[in-house]
Amino acid sequence: MTSTTNKTLLATFILLSSAVNAAQITVKGGIEAGYIKADYHQPWLNSWQEEGVGILRYNDDDKLMLTQAAIEISGDLISNVNFDLVANYNPDGEKNIGLTEAYFTYSPLNPGLKHQVKFGMFYPQMSLENTATGWTSPYTYSFSAINSWIAEEQRTLGAQWSITRSGRKHNSPHSFTALASIFKANDGLGSLLVWRGWAQHNRQTFYNEAVVFSDYFSQQDIPINTPNFVEPFIETDSKWGYYVGGHWRYLKQTDVRVYYYDNRGDPEAIEKNRQYAWKTQYYSVAMLHKFTSNFRLLAQYLAGDTGMGSQEAGVFTDISSWYVMFNYKLGSHRFSLRHDQFKVKETDQNRQDPNDSDGDSLTLAWQYQLDKNWNVGAEFINSTSNNENRTLWESRAAEHRQKQYMAIVQYKF
């Protein structure tokens, strides 16, 4: 971790702490618990967090558990400046409690175009799926493959500037936003996709947390000298990354978001623990369309490439994924159906480290809103994945199907 990154976050937290007594504070959050059942009958298909080669979060056993919790604190510091701080609880992984976002927003009042500057640690605004408190989804309990990856490996540690032309202010049905960001400390981005493959879950990686995956390297004839974990939010090569994006909204009916992201990583840069910087770039297109007030369609497509090391001894791949989701509200009931497809295609010359993978999944979710705070629901995921590197173990096949059942109770405040 570079001193620049540490100083930036330290300054953020000091300012937030000093403002608590003076600011007008808003506190939101949620607690989620439920019964979880996973079905795949092979112990080595356990979660990557336990060094398995599966792509679902929970292992093949039945359990009642607290699945996650989040708290989001926001408030005004001074005129036109506010802060947001988000902390989460996860029952699994290296850490159980930590920060997932912490940032300032400066929004000056302008009669024409609206300018906004964000500074700190935050998610890019490319998702139309994860729009609820604590970057959760109001539609399903588990995220799409795309946003599962964003949750575990990506955060902006830097600044973002956006300019919005409001349709309402200009007597137009169309609203437009253009934005740009520069950042550091996202050099681990790509590790999990290349070795584990795409996954589906709702776990958000904390700041200063490592994510473990299966030790594929121990099975290679000529092992890659790198750890079987990734610290996603560290600065390895001292280079600035950037992304640019555009939003278009038609009335309150249609939203489209287009982004291009490039962390400008140096694939030869390396940490003392042998974690490399990854050169990762991609574009993302997300869309939401409301057919009626109760029926809507969401979709997203992401494609790009990532790599580290050299072509001969390192890892380079193309990455892609998309999903389509239908959501329907009937009174207090909400029904969601999502189909995901995902793929990693190897482009390097290193035959000792196979990285091709592909798969698809179907997610069905139902939620019932008991009152303004409580909801209950259920979710089913049927996922098939074909990961070539599973065959590094002689007794294992590349293709497997995994199923996950969840019965959930949520309390939101």
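Quick caveat: nothing in here was measured; it's all calculated off a predicted structure.
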Trainee: Parallel, tilted or perpendicular: which one describes the rings of F217 and F213, with boundaries at 30° and 60°?
Mentor: perpendicular

Trainee: When rounded to the nearest 0.5 angstrom, what distance separates OG in S218 from CH2 in W393?
Mentor: 6.0 Å

Trainee: Is the distance between the ring centroids of W44 and H400 under 6.0 Å?
Mentor: yes

Trainee: Could you verify whether a donor N or O on one side chain and an acceptor N or O on the other, from N88 and Q68, lie under 3.5 Å apart?
Mentor: no

Trainee: For the residue pair Q49 and R203, confirm or rule out a side-chain donor-acceptor distance under 3.5 Å.
Mentor: yes

Trainee: State, with a plain yes or no, whether a side-chain heavy atom of L297 is found less than 4.5 Å away from one of K290.
Mentor: no

Trainee: Any side-chain heavy atom of R165 sitting closer than 4.5 Å to one from H170?
Mentor: yes

Trainee: Tell me whether E72 contacts the main-chain N or O of G134 through its side chain, where contact means a donor paired with an acceptor under 3.5 Å.
Mentor: yes

Trainee: Between Y243 and Y261, what is the ring plane arrangement, given parallel below 30°, perpendicular above 60°, and tilted in between?
Mentor: parallel

Trainee: Is it true that a side-chain atom of R390 and a backbone atom of A398 form a donor plus acceptor pair closer than 3.5 Å?
Mentor: yes

Trainee: Would you please indicate if the ring centroids of Y328 and F335 are separated by under 6.0 Å?
Mentor: no

Trainee: Within the distance-only criterion (no hydrogens, no angle test), does the side chain of N202 pair as donor or acceptor with the backbone N or O of Y141 below 3.5 angstrom?
Mentor: yes

Trainee: Supply the atom-to-atom distance R401 CZ to N386 CG, rounded to the nearest 0.5 angstrom.
Mentor: 12.5 Å

Trainee: Less than 4.5 Å apart, side chain to side chain, heavy atoms only: is that true for W198 and S383?
Mentor: no

Trainee: Could you measure the distance from the CD atom of E235 to the CD atom of E271? Nearest 0.5 Å is fine.
Mentor: 8.5 Å

Trainee: How about R264 and F183: do any of their side-chain heavy atoms sit closer than 4.5 Å?
Mentor: no

Trainee: Please name all residues satisfying salt bridge (charged side-chain N to carboxylate O under 4.0 Å, His left out) with D353, sequence neighbours left out, ordered by chain then number.
Mentor: none

Trainee: Are Y106 and Q116 side-chain neighbours, meaning at least one heavy-atom pair lies under 4.5 Å?
Mentor: no

Trainee: Hydrogens and angles aside, do N186 and R155 bring a side-chain donor and acceptor to less than 3.5 Å of each other?
Mentor: no

Trainee: Specify whether W195 and W278 have parallel, tilted or perpendicular ring planes, treating 30° as the upper limit for parallel and 60° as the lower limit for perpendicular.
Mentor: perpendicular

Trainee: Taking atom types as modelled and ignoring hydrogens, do the side chains of S142 and E379 form a donor-acceptor contact shorter than 3.5 angstrom?
Mentor: yes

Trainee: Does F295 CZ have over 12 foreign heavy atoms under 6.0 Å away?
Mentor: yes

Trainee: Are side-chain heavy atoms of F233 and D187 found at a separation under 4.5 Å?
Mentor: no

Trainee: Less than 6.0 angstrom separating the ring centers of W135 and F122, yes or no?
Mentor: no

Trainee: Identify the two heavy atoms, one from I270 and one from T236, that lie closest to each other, and give their separation to 0.1 Å.
Mentor: N-CG2, 3.7 Å

Trainee: What distance do K37 atom NZ and Y35 atom OH have between them, rounded to the nearest 0.5 Å?
Mentor: 5.5 Å

Trainee: Which word best sums up how the rings of H289 and F291 line up, parallel for under 30°, tilted for 30 to 60°, or perpendicular for over 60°?
Mentor: perpendicular

Trainee: Taking the cut-offs as 6.0 angstrom to the six-membered ring centre and 45 degrees off its axis, would you call K118 and Y103 a cation-pi pair?
Mentor: yes

Trainee: Nearest 0.5 Å, please: how far is OG1 in T140 from CG in L298?
Mentor: 9.5 Å

Trainee: Scan for side chain to side chain donor-acceptor pair (under 3.5 Å) pairs involving residues 296-305, sequence neighbours excluded, and state none if there are none.
Mentor: Y139-R296, N147-Q300, Q281-D305, S284-Q300

Trainee: Pair E51, R196 - check salt bridge (charged side-chain N to carboxylate O under 4.0 Å, His left out), show working.
Mentor: CA-CA 10 Å; E51 300 194 24; R196 179 209 58 202; over 6 Å; no

Trainee: At what distance, to the nearest 0.5 angstrom, does OG of S361 lie from CD of Q341?
Mentor: 9.0 Å

Trainee: Decide yes or no for L99 and L85: does some side-chain heavy atom of the first lie under 4.5 Å from some side-chain heavy atom of the second?
Mentor: yes

